[in-house]
Amino acid sequence: MKELVIAGNWKMNKTRREAVALTLALREARPDLPAAVRLRVFPPFTGLAAVAETAGGEIEVGAQNLHPERAGAFTGEISARMLLEAGAEYVLIGHSERRVLFAEMGSFLAAKMRAALAAGLRPLVCIGERLDDRESERTRAVLTQQLEEVLAPVQPEDGPRLEIAYEPVWAIGTGRVATLAQIADAHSYIRERLVARFGPPGRSVPVLYGGSVDATNAKEILGLDGVDGVLVGGASLEATSFLAIARYAG
Ligand code: PGA
């Protein structure tokens, strides 16, 4: 059975105490989930260390962001080494909220990739088109460009350490999920690009879908051939709704 990543991006939600409580609930439910599920959470920085400790290796833990530099005068930022020490194994790079709200793009994201990989973190790279891109049939062009930018610094041997999340911007937090045909098409295109970039190892890079995933649509989405998991925002904030999604990964 293929492994499926069920990842929760908590965004700017959950105090440390709340984050630990949610992690505990997930950990307790872990033994009842299908064996093929890789449960993962991305808590805010303040909860990271406590969540990693509570997860006890049974739930994967990632950070929502990092700064490309190792250290220095970057008020408010956090480095790859700090994240690793706090217990993060994964890191989100290029989430649309970072791209849109914080104007992150191109070479800055590439620098983050370089820093994450050099430090030994595993990047989960988020890409996706805006509504106007889709309406003007520029989806593939946007995906190609975003992939090229962020993969520019990646050495061939690092290909297998990556993951990609296809997250159409218009589907994030809107309740408007992409159709199965749109998801299948984008995923097979991303796969094609990954194989073109990394050769055969590009076939095993997990490609997740994200954007308004919940218990009502997860089963069909996870059932698609090209989907290796989901990145969940809103529905990951409660154990019940997140676990309902994970149970479909059987
Ligand atoms: P959503 O968020 O599930 O609330 O749409 C997904 C994401 O931002 O990764």
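We count residues from 1, following the sequence as given. All ligand and atom numbering here is 1-based and tracks the order in the structure.
- Atom numbering of ligand 1 starts at 1 in the shown order; those under 4.0 Å from a heavy atom of G233 are 1 (P), 2 (O), 3 (O), 4 (O), 6 (C).
- Residue G210 places no N or O, backbone or side chain, under 3.5 Å from any N or O of ligand 1.
- In plain terms, the two heavy atoms of V169 and G128 that are nearest each other are CG2-O, 3.9 Å.
- Which parts of ligand 1 touch G234 is read off a 4.0 Å heavy-atom cut-off, strictly below it: atoms 1 (P), 3 (O), 4 (O).
- A salt bridge links E163 with R40: the distance from a Lys NZ or Arg NE/NH1/NH2 to an Asp or Glu carboxylate oxygen falls below 4.0 Å.
- Of all atoms in ligand 1, listed by their number and element, those nearer than 4.0 Å to a heavy atom of E167 are 6 (C), 7 (C), 9 (O).
- Close approach to S212 involves these atoms of ligand 1, each under 4.0 Å from a residue heavy atom: 1 (P), 3 (O), 5 (O).
- By the 4.0 Å N-to-carboxylate-O rule, R38 lies close enough to E60 to be salt-bridged with it.
- Salt-bridge formation is not detected for the pair R140/D133: no Lys NZ or Arg NE/NH1/NH2 atom is positioned less than 4.0 Å from an Asp or Glu carboxylate oxygen.
- In this pair, H187 and Y209 present their aromatic rings tilted. The plane angle is within the 30 to 60° band.
- Partner M113 forms a side-chain contact (heavy atoms from CB on, under 4.5 Å) with one of V125, L66, L121 and no other, that one being V125.
- The two residues A171 and A178 have their closest heavy-atom pair at CB-N, 4.3 Å.
- For ligand 1, the polar-atom distance check finds an N/O of K11 within less than 3.5 Å of one of the ligand's N/O atoms.
- No N or O atom of I172 sits closer than 3.5 Å to an N or O atom of ligand 1.
- Heavy-atom proximity to H95, at under 4.0 Å, picks out these atoms of ligand 1: 7 (C), 8 (O), 9 (O).
- For ligand 1, the atoms closer than 4.0 angstrom to any heavy atom of A171 are 5 (O).
- Near G211, with a cut-off below 4.0 Å to any heavy atom, the atoms of ligand 1 are 5 (O).
- If you number the atoms of ligand 1 from 1 as listed, the ones under 4.0 Å from a heavy atom of G173 come out as 1 (P), 4 (O), 5 (O).
- Salt bridge E58/R30: absent, no basic N to carboxylate O contact under 4.0 Å.
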